[in-house]
Amino acid sequence: MKKKSILLPGLMILIISLVSHTAVAQEHAKQEKLKYAQVKVNGMACPFCAYGLEKKLKAIDGVIKIEIDVENGVASLEFEADKMVDKKTIADAVKKAGFTPDSIIFLAKLPEKETKPEF
Amino acid sequence: MQPCSIYSLQKPNAQRCIYLCVVAVTKFYKDDMIIKMFLIRGILTISILTSVIESYAQGPPVFTDTPILLGLGGRGVRTFGKYISKENANVYIQPLVLPFNITPKLLVGTILPFVSKSPKNGSSQSGLGDLAVFLKYVVQQKDYPGKTIRTLVKVTQRFPTGNNEIIPPLGTGAYQTAFGIVTGYITTKYGIYTELNYNVVSEGQPNQFIYNFAFSYPLLPQQYPPRQLNISADVNGIYVPELSNNTIFLSPGLQWILGRKVLLESGIQLPVMEDVIETERTKFMFLLGIRVLLF
(Lines give C-alpha, C1' and ligand atoms only; values in the text may rest on other atoms or scores of the structure.)
Protein backbone atom coordinates (compact mmCIF):
# COMPACT_ATOMS: atom_id res chain seq x y z
CA MET A 1 0.00 0.00 0.00
CA LYS A 2 2.81 2.33 0.93
CA LYS A 3 4.63 1.48 -2.30
CA LYS A 4 1.54 2.34 -4.34
CA SER A 5 1.12 5.69 -2.61
CA ILE A 6 4.70 6.64 -3.48
CA LEU A 7 4.64 5.28 -7.02
CA LEU A 8 1.49 7.04 -8.18
CA PRO A 9 2.55 10.62 -7.41
CA GLY A 10 6.03 9.82 -8.68
CA LEU A 11 4.60 8.60 -11.97
CA MET A 12 2.41 11.66 -12.27
CA ILE A 13 5.34 14.00 -11.66
CA LEU A 14 7.32 12.15 -14.28
CA ILE A 15 4.49 12.42 -16.83
CA ILE A 16 3.94 16.13 -16.12
CA SER A 17 7.61 16.91 -16.42
CA LEU A 18 7.83 14.96 -19.66
CA VAL A 19 4.83 16.78 -21.10
CA SER A 20 6.07 20.20 -20.07
CA HIS A 21 9.54 19.44 -21.36
CA THR A 22 8.07 18.40 -24.68
CA ALA A 23 6.03 21.62 -24.85
CA VAL A 24 9.10 23.76 -24.12
CA ALA A 25 11.13 21.79 -26.64
CA GLN A 26 8.39 22.27 -29.23
CA GLU A 27 8.29 26.01 -28.51
CA HIS A 28 12.08 26.20 -28.87
CA ALA A 29 11.90 24.25 -32.09
CA LYS A 30 9.21 26.61 -33.38
CA GLN A 31 11.35 29.62 -32.50
CA GLU A 32 14.37 28.04 -34.08
CA LYS A 33 12.39 27.42 -37.22
CA LEU A 34 11.34 31.09 -37.51
CA LYS A 35 14.66 32.77 -36.87
CA TYR A 36 14.46 35.02 -39.94
CA ALA A 37 12.20 37.87 -40.99
CA GLN A 38 11.73 39.83 -44.16
CA VAL A 39 10.46 43.37 -44.03
CA LYS A 40 9.18 45.17 -47.04
CA VAL A 41 10.31 48.79 -46.69
CA ASN A 42 8.58 51.45 -48.74
CA GLY A 43 10.36 54.68 -49.60
CA MET A 44 13.86 53.21 -49.70
CA ALA A 45 14.96 54.80 -52.94
CA CYS A 46 18.70 55.18 -52.54
CA PRO A 47 21.40 52.93 -51.07
CA PHE A 48 22.99 55.76 -49.07
CA CYS A 49 19.64 56.15 -47.24
CA ALA A 50 19.69 52.51 -46.18
CA TYR A 51 22.47 52.93 -43.64
CA GLY A 52 20.07 54.53 -41.15
CA LEU A 53 17.69 51.60 -41.61
CA GLU A 54 20.48 49.09 -41.06
CA LYS A 55 21.49 50.83 -37.83
CA LYS A 56 17.95 50.98 -36.50
CA LEU A 57 17.24 47.31 -37.27
CA LYS A 58 20.58 46.21 -35.82
CA ALA A 59 19.73 48.00 -32.60
CA ILE A 60 16.79 45.63 -31.99
CA ASP A 61 17.60 43.19 -29.21
CA GLY A 62 18.01 39.71 -30.67
CA VAL A 63 18.87 40.74 -34.22
CA ILE A 64 22.24 39.34 -35.26
CA LYS A 65 22.36 39.95 -38.98
CA ILE A 66 20.81 42.34 -41.49
CA GLU A 67 20.76 42.21 -45.24
CA ILE A 68 19.26 45.01 -47.30
CA ASP A 69 18.06 44.67 -50.86
CA VAL A 70 17.61 48.22 -52.14
CA GLU A 71 16.43 47.16 -55.58
CA ASN A 72 13.47 45.21 -54.15
CA GLY A 73 13.01 47.36 -51.02
CA VAL A 74 13.44 44.48 -48.60
CA ALA A 75 15.36 44.12 -45.34
CA SER A 76 16.13 40.59 -44.15
CA LEU A 77 16.79 39.96 -40.47
CA GLU A 78 18.29 37.01 -38.65
CA PHE A 79 17.53 36.55 -34.95
CA GLU A 80 19.38 34.85 -32.14
CA ALA A 81 18.14 31.28 -31.73
CA ASP A 82 16.39 31.85 -28.41
CA LYS A 83 14.98 35.31 -29.14
CA MET A 84 11.93 36.32 -31.04
CA VAL A 85 11.13 39.86 -32.06
CA ASP A 86 7.58 41.02 -32.61
CA LYS A 87 6.37 42.81 -35.72
CA LYS A 88 5.69 46.08 -33.90
CA THR A 89 9.32 46.39 -32.80
CA ILE A 90 10.51 45.88 -36.36
CA ALA A 91 7.92 48.30 -37.77
CA ASP A 92 8.92 50.95 -35.21
CA ALA A 93 12.59 50.62 -36.18
CA VAL A 94 11.72 51.12 -39.85
CA LYS A 95 9.65 54.22 -39.00
CA LYS A 96 12.47 55.65 -36.88
CA ALA A 97 14.78 55.29 -39.87
CA GLY A 98 12.39 57.50 -41.83
CA PHE A 99 10.69 54.84 -43.98
CA THR A 100 7.30 53.16 -44.11
CA PRO A 101 7.07 49.49 -43.14
CA ASP A 102 4.87 47.31 -45.31
CA SER A 103 4.49 43.56 -44.79
CA ILE A 104 6.65 41.69 -42.26
CA ILE A 105 6.94 37.93 -42.49
CA PHE A 106 8.82 35.41 -40.33
CA LEU A 107 10.60 32.56 -42.03
CA ALA A 108 12.41 29.34 -41.17
CA LYS A 109 15.05 30.22 -43.74
CA LEU A 110 15.67 33.02 -46.14
CA PRO A 111 14.96 32.49 -49.82
CA GLU A 112 17.87 32.18 -52.21
CA LYS A 113 19.44 35.51 -53.08
CA GLU A 114 18.65 35.32 -56.77
CA THR A 115 14.93 34.79 -56.17
CA LYS A 116 12.44 37.52 -55.40
CA PRO A 117 11.38 37.98 -51.76
CA GLU A 118 8.34 36.10 -50.52
CA PHE A 119 5.69 38.81 -50.70
CA MET B 1 33.31 102.26 -40.56
CA GLN B 2 35.44 101.92 -43.61
CA PRO B 3 34.69 104.13 -46.54
CA CYS B 4 33.47 102.58 -49.71
CA SER B 5 35.71 103.42 -52.59
CA ILE B 6 36.27 102.59 -56.20
CA TYR B 7 39.07 100.35 -54.90
CA SER B 8 36.59 98.19 -53.03
CA LEU B 9 34.48 98.01 -56.15
CA GLN B 10 37.27 95.98 -57.66
CA LYS B 11 37.44 93.58 -54.73
CA PRO B 12 35.67 90.27 -54.92
CA ASN B 13 32.65 89.53 -52.81
CA ALA B 14 32.89 92.77 -50.91
CA GLN B 15 29.76 92.34 -48.85
CA ARG B 16 30.93 94.75 -46.20
CA CYS B 17 31.31 97.39 -48.80
CA ILE B 18 27.86 96.58 -50.09
CA TYR B 19 26.50 97.00 -46.60
CA LEU B 20 28.26 100.30 -46.08
CA CYS B 21 27.20 101.51 -49.44
CA VAL B 22 23.61 100.60 -48.81
CA VAL B 23 23.60 102.35 -45.48
CA ALA B 24 25.60 105.44 -46.36
CA VAL B 25 25.69 106.05 -50.05
CA THR B 26 22.19 105.20 -51.20
CA LYS B 27 20.98 108.33 -49.48
CA PHE B 28 22.81 110.40 -52.06
CA TYR B 29 22.91 108.26 -55.15
CA LYS B 30 19.76 106.20 -55.10
CA ASP B 31 19.49 105.94 -58.83
CA ASP B 32 23.15 105.44 -59.47
CA MET B 33 24.02 102.39 -61.54
CA ILE B 34 27.13 101.68 -59.44
CA ILE B 35 25.05 101.18 -56.31
CA LYS B 36 22.86 98.77 -58.15
CA MET B 37 25.94 96.84 -59.19
CA PHE B 38 27.11 96.76 -55.57
CA LEU B 39 23.84 95.30 -54.46
CA ILE B 40 23.84 92.71 -57.21
CA ARG B 41 27.34 91.65 -56.29
CA GLY B 42 26.40 91.28 -52.64
CA ILE B 43 23.40 89.18 -53.52
CA LEU B 44 25.44 86.93 -55.75
CA THR B 45 28.16 86.51 -53.18
CA ILE B 46 25.76 85.62 -50.39
CA SER B 47 24.04 83.15 -52.59
CA ILE B 48 27.20 81.57 -53.93
CA LEU B 49 28.50 81.15 -50.40
CA THR B 50 25.36 79.58 -49.09
CA SER B 51 23.32 78.09 -51.88
CA VAL B 52 24.73 74.58 -51.61
CA ILE B 53 26.11 74.24 -48.11
CA GLU B 54 22.80 73.28 -46.55
CA SER B 55 22.16 70.50 -48.94
CA TYR B 56 23.33 67.71 -46.72
CA ALA B 57 21.69 64.75 -48.26
CA GLN B 58 21.86 61.00 -48.23
CA GLY B 59 22.53 60.87 -51.91
CA PRO B 60 22.16 63.04 -54.91
CA PRO B 61 22.06 65.81 -56.01
CA VAL B 62 25.20 67.87 -55.45
CA PHE B 63 23.89 71.45 -55.63
CA THR B 64 20.26 71.12 -54.56
CA ASP B 65 18.82 70.12 -51.22
CA THR B 66 17.03 66.80 -50.68
CA PRO B 67 13.85 66.09 -48.70
CA ILE B 68 15.28 62.79 -47.37
CA LEU B 69 16.60 63.18 -43.83
CA LEU B 70 18.93 60.96 -41.82
CA GLY B 71 16.46 59.12 -39.56
CA LEU B 72 16.08 59.40 -35.78
CA GLY B 73 19.37 60.15 -34.06
CA GLY B 74 21.12 60.37 -37.41
CA ARG B 75 24.20 62.55 -37.52
CA GLY B 76 26.58 63.41 -40.27
CA VAL B 77 29.31 65.66 -41.52
CA ARG B 78 29.49 67.32 -44.85
CA THR B 79 32.37 69.39 -46.03
CA PHE B 80 33.64 70.50 -49.38
CA GLY B 81 36.05 72.86 -50.96
CA LYS B 82 34.48 75.26 -53.41
CA TYR B 83 36.68 77.26 -55.72
CA ILE B 84 35.07 80.27 -57.36
CA SER B 85 36.84 81.85 -60.27
CA LYS B 86 35.66 85.37 -60.92
CA GLU B 87 36.85 87.94 -63.39
CA ASN B 88 38.52 89.98 -60.66
CA ALA B 89 39.22 87.46 -57.89
CA ASN B 90 39.46 83.88 -56.74
CA VAL B 91 37.44 82.72 -53.75
CA TYR B 92 37.74 79.50 -51.78
CA ILE B 93 35.04 78.34 -49.37
CA GLN B 94 35.25 75.36 -47.01
CA PRO B 95 32.08 74.93 -44.98
CA LEU B 96 31.61 72.31 -42.30
CA VAL B 97 27.99 71.19 -42.10
CA LEU B 98 26.80 69.25 -39.04
CA PRO B 99 23.20 67.96 -39.19
CA PHE B 100 21.37 66.02 -36.49
CA ASN B 101 17.95 64.36 -36.63
CA ILE B 102 15.99 65.06 -33.43
CA THR B 103 13.00 63.03 -34.61
CA PRO B 104 12.57 61.07 -37.87
CA LYS B 105 10.94 64.18 -39.39
CA LEU B 106 12.89 67.00 -37.73
CA LEU B 107 16.51 67.87 -38.42
CA VAL B 108 18.63 70.70 -37.08
CA GLY B 109 22.13 71.63 -38.09
CA THR B 110 24.85 74.20 -38.21
CA ILE B 111 27.17 75.49 -40.91
CA LEU B 112 30.64 76.77 -40.06
CA PRO B 113 32.20 78.28 -43.18
CA PHE B 114 35.87 79.01 -43.73
CA VAL B 115 36.34 81.65 -46.40
CA SER B 116 39.41 82.77 -48.30
CA LYS B 117 39.34 85.58 -50.84
CA SER B 118 42.15 86.55 -53.17
CA PRO B 119 41.46 89.63 -55.25
CA LYS B 120 43.55 90.00 -58.40
CA ASN B 121 44.53 93.53 -57.38
CA GLY B 122 44.91 93.41 -53.61
CA SER B 123 45.78 91.37 -50.56
CA SER B 124 44.04 88.14 -49.61
CA GLN B 125 41.89 87.59 -46.54
CA SER B 126 40.93 84.33 -44.84
CA GLY B 127 38.87 83.34 -41.84
CA LEU B 128 35.45 82.39 -40.53
CA GLY B 129 32.51 83.48 -42.65
CA ASP B 130 28.90 83.92 -41.61
CA LEU B 131 27.78 81.08 -39.34
CA ALA B 132 24.35 79.56 -39.91
CA VAL B 133 21.90 77.28 -38.17
CA PHE B 134 19.06 75.52 -39.94
CA LEU B 135 15.96 73.50 -39.22
CA LYS B 136 14.14 71.13 -41.56
CA TYR B 137 10.79 69.47 -41.01
CA VAL B 138 9.16 66.87 -43.26
CA VAL B 139 5.57 67.97 -43.89
CA GLN B 140 4.61 65.39 -46.47
CA GLN B 141 5.83 61.86 -47.11
CA LYS B 142 4.39 59.24 -49.44
CA ASP B 143 6.40 56.06 -49.61
CA TYR B 144 5.99 53.36 -52.23
CA PRO B 145 8.07 50.31 -53.14
CA GLY B 146 11.35 51.69 -54.46
CA LYS B 147 10.25 55.30 -54.51
CA THR B 148 9.27 58.20 -52.31
CA ILE B 149 7.65 61.61 -52.67
CA ARG B 150 8.57 63.99 -49.87
CA THR B 151 8.31 67.66 -49.01
CA LEU B 152 10.03 69.51 -46.22
CA VAL B 153 10.04 73.08 -45.03
CA LYS B 154 13.20 74.65 -43.77
CA VAL B 155 14.36 77.80 -42.05
CA THR B 156 17.96 78.96 -42.13
CA GLN B 157 19.27 81.72 -39.93
CA ARG B 158 22.63 83.25 -40.77
CA PHE B 159 24.57 85.44 -38.39
CA PRO B 160 27.10 88.12 -39.35
CA THR B 161 30.05 86.38 -37.70
CA GLY B 162 32.43 86.90 -40.59
CA ASN B 163 34.79 89.82 -40.30
CA ASN B 164 33.42 92.65 -42.40
CA GLU B 165 35.84 95.32 -41.19
CA ILE B 166 38.48 94.18 -43.66
CA ILE B 167 38.82 94.39 -47.43
CA PRO B 168 37.79 92.09 -48.90
CA PRO B 169 35.30 91.30 -46.13
CA LEU B 170 34.63 87.71 -45.08
CA GLY B 171 31.08 88.26 -43.87
CA THR B 172 28.00 90.06 -45.09
CA GLY B 173 27.46 92.17 -41.99
CA ALA B 174 23.79 91.28 -42.12
CA TYR B 175 21.40 88.84 -40.48
CA GLN B 176 19.65 86.62 -43.01
CA THR B 177 16.61 84.44 -42.57
CA ALA B 178 15.73 82.07 -45.38
CA PHE B 179 12.38 80.30 -45.62
CA GLY B 180 12.37 77.37 -47.96
CA ILE B 181 10.51 74.38 -49.30
CA VAL B 182 12.17 71.28 -50.72
CA THR B 183 10.37 68.57 -52.65
CA GLY B 184 11.60 65.40 -54.25
CA TYR B 185 10.38 62.48 -56.30
CA ILE B 186 13.06 59.89 -55.73
CA THR B 187 13.10 56.37 -57.09
CA THR B 188 15.81 53.72 -57.36
CA LYS B 189 16.10 54.72 -61.03
CA TYR B 190 16.33 58.52 -60.78
CA GLY B 191 15.53 61.53 -58.64
CA ILE B 192 13.87 64.87 -59.35
CA TYR B 193 14.34 67.66 -56.82
CA THR B 194 13.04 71.18 -56.38
CA GLU B 195 14.17 73.72 -53.81
CA LEU B 196 12.71 77.21 -53.38
CA ASN B 197 13.97 79.70 -50.80
CA TYR B 198 13.17 83.27 -49.97
CA ASN B 199 16.06 84.94 -48.16
CA VAL B 200 15.24 88.00 -46.06
CA VAL B 201 18.33 90.13 -45.51
CA SER B 202 18.75 92.85 -42.90
CA GLU B 203 20.67 96.12 -43.13
CA GLY B 204 18.84 97.29 -46.22
CA GLN B 205 20.37 94.65 -48.47
CA PRO B 206 18.02 93.23 -51.06
CA ASN B 207 16.11 90.03 -50.41
CA GLN B 208 16.61 87.09 -52.75
CA PHE B 209 14.58 84.32 -54.24
CA ILE B 210 16.80 81.24 -54.63
CA TYR B 211 15.59 78.40 -56.82
CA ASN B 212 17.25 75.08 -57.52
CA PHE B 213 16.16 72.17 -59.66
CA ALA B 214 17.98 68.88 -60.08
CA PHE B 215 17.83 65.58 -61.85
CA SER B 216 20.00 62.72 -60.66
CA TYR B 217 20.66 59.35 -62.17
CA PRO B 218 22.54 56.31 -60.79
CA LEU B 219 24.96 54.76 -63.26
CA LEU B 220 25.38 51.40 -61.52
CA PRO B 221 22.78 48.87 -60.34
CA GLN B 222 21.51 49.59 -56.83
CA GLN B 223 23.12 47.44 -54.17
CA TYR B 224 23.81 47.42 -50.45
CA PRO B 225 26.41 48.03 -49.09
CA PRO B 226 26.43 50.74 -51.73
CA ARG B 227 28.94 51.03 -54.52
CA GLN B 228 27.40 53.69 -56.66
CA LEU B 229 28.14 56.40 -59.16
CA ASN B 230 25.48 59.08 -59.53
CA ILE B 231 25.40 61.85 -62.06
CA SER B 232 23.30 64.93 -61.52
CA ALA B 233 22.36 68.01 -63.46
CA ASP B 234 21.25 71.05 -61.52
CA VAL B 235 19.94 74.45 -62.43
CA ASN B 236 20.72 76.94 -59.68
CA GLY B 237 19.23 80.39 -59.84
CA ILE B 238 18.96 83.57 -57.84
CA TYR B 239 16.40 86.24 -58.51
CA VAL B 240 16.46 89.61 -56.81
CA PRO B 241 12.93 91.01 -56.92
CA GLU B 242 13.98 94.50 -55.83
CA LEU B 243 16.32 94.85 -58.79
CA SER B 244 14.70 92.43 -61.22
CA ASN B 245 18.06 90.73 -61.65
CA ASN B 246 18.50 87.07 -62.39
CA THR B 247 21.51 84.76 -62.28
CA ILE B 248 21.43 81.16 -63.43
CA PHE B 249 24.05 78.44 -63.23
CA LEU B 250 24.03 75.11 -64.98
CA SER B 251 25.67 72.59 -62.65
CA PRO B 252 26.61 69.05 -63.63
CA GLY B 253 27.80 66.86 -60.75
CA LEU B 254 29.18 63.44 -60.00
CA GLN B 255 28.91 61.42 -56.78
CA TRP B 256 30.79 58.32 -55.79
CA ILE B 257 29.29 56.36 -52.91
CA LEU B 258 32.16 54.37 -51.46
CA GLY B 259 30.30 52.33 -48.87
CA ARG B 260 27.68 52.55 -46.16
CA LYS B 261 28.86 55.85 -44.72
CA VAL B 262 31.05 57.73 -47.17
CA LEU B 263 30.15 59.70 -50.27
CA LEU B 264 32.53 61.72 -52.43
CA GLU B 265 31.18 64.35 -54.76
CA SER B 266 32.29 66.83 -57.31
CA GLY B 267 30.66 69.33 -59.60
CA ILE B 268 31.11 72.42 -61.64
CA GLN B 269 28.80 75.42 -61.93
CA LEU B 270 28.79 77.36 -65.14
CA PRO B 271 26.95 80.67 -65.49
CA VAL B 272 24.38 80.83 -68.26
CA MET B 273 22.91 84.15 -67.20
CA GLU B 274 24.45 86.84 -64.99
CA ASP B 275 22.94 90.27 -64.49
CA VAL B 276 26.12 91.89 -63.14
CA ILE B 277 28.83 94.13 -64.52
CA GLU B 278 31.49 92.33 -66.53
CA THR B 279 34.30 92.54 -63.97
CA GLU B 280 32.12 90.97 -61.33
CA ARG B 281 31.10 87.97 -63.35
CA THR B 282 31.80 84.41 -62.33
CA LYS B 283 33.77 82.31 -64.78
CA PHE B 284 33.04 79.01 -63.07
CA MET B 285 32.76 77.34 -59.66
CA PHE B 286 34.25 73.96 -58.83
CA LEU B 287 33.28 71.79 -55.87
CA LEU B 288 34.98 68.76 -54.38
CA GLY B 289 33.56 67.34 -51.18
CA ILE B 290 32.77 64.48 -48.86
CA ARG B 291 29.76 63.44 -46.79
CA VAL B 292 30.12 61.02 -43.89
CA LEU B 293 27.27 59.50 -41.92
CA LEU B 294 27.89 59.24 -38.16
CA PHE B 295 25.48 57.18 -36.11
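In what follows, every chain begins at residue 1, and chains take the letters A, B, ... in the order their sequences are listed.
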With sequence neighbours excluded, tell me which residues meet side-chain hydrogen bond (donor to acceptor under 3.5 Å, both in side chains) with B/Tyr190.
none

Nearest heavy atoms of B/Tyr224 and A/Tyr51, plus distance in Å:
OH-CA, 3.3 Å

Do you know which of B/Gly191, B/Gly73, B/Pro145 has the most heavy-atom pairs under 4.5 Å to chain A?
B/Pro145

Would you mind checking which part of B/Lys105 comes under 4.5 Å of any heavy atom in chain A, side chain (CB onward), backbone (N, CA, C, O), both or neither?
neither

Could you list the residues that satisfy side-chain contact (heavy atoms from CB on, under 4.5 Å) with B/Thr151, not counting sequence neighbours?
B/Val139, B/Gln140, B/Ile181, B/Thr183

Partner set under ring-ring contact (aromatic ring centres under 6.0 Å, His included) for B/Phe209, not counting sequence neighbours
B/Tyr211

Tell me, side chain or backbone of B/Arg150 under 4.5 Å from chain A's heavy atoms, or both, or neither?
side chain

Tell me the closest heavy-atom pair linking B/Ile186 and A/Ala45, and the distance in Å.
O-CB, 3.3 Å

Region of A/Lys96 that comes under 4.5 Å of a non-hydrogen atom in chain B:
both

Distance col, row A/Cys46:SG vs B/Ile257:CD1, nearest 0.5 angstrom, shows 7.0 Å

Which portion of B/Val138 sits near chain A, non-hydrogen atoms under 4.5 angstrom:
neither

Nearest atoms (heavy-atom pairs only) where B/Gln141 meets A/Thr100:
NE2-OG1, 4.3 Å

Between B/Gly259, B/Pro226, B/Gly74, which has the largest tally of heavy atom pairs under 4.5 Å with chain A?
B/Pro226

May I ask you to list the residues in residues 86-95 of chain A that approach chain B closer than 4.5 angstrom, counting heavy atoms only, ordered by number?
A/Lys95

Hey, could you give me the NZ/CZ distance between A/Lys55 and B/Arg260, rounded to the nearest 0.5 Å?
9.5 Å

Which distance, rounded to the nearest 0.5 Å, do you find between the CD of A/Glu71 and the NZ of B/Lys189?
4.5 Å

Rounded to the nearest 0.5 Å, what separation is found between the CE atom of A/Met44 and the OG1 atom of B/Thr148?
11.5 Å

Separation of B/Gln222 CD from A/Ile68 CD1 (nearest 0.5 Å):
13.0 Å

Strictly distance-based, threshold 3.5 Å: is any side-chain N or O of B/Gln228 a donor or acceptor partner for the main-chain N or O of A/Phe48?
no

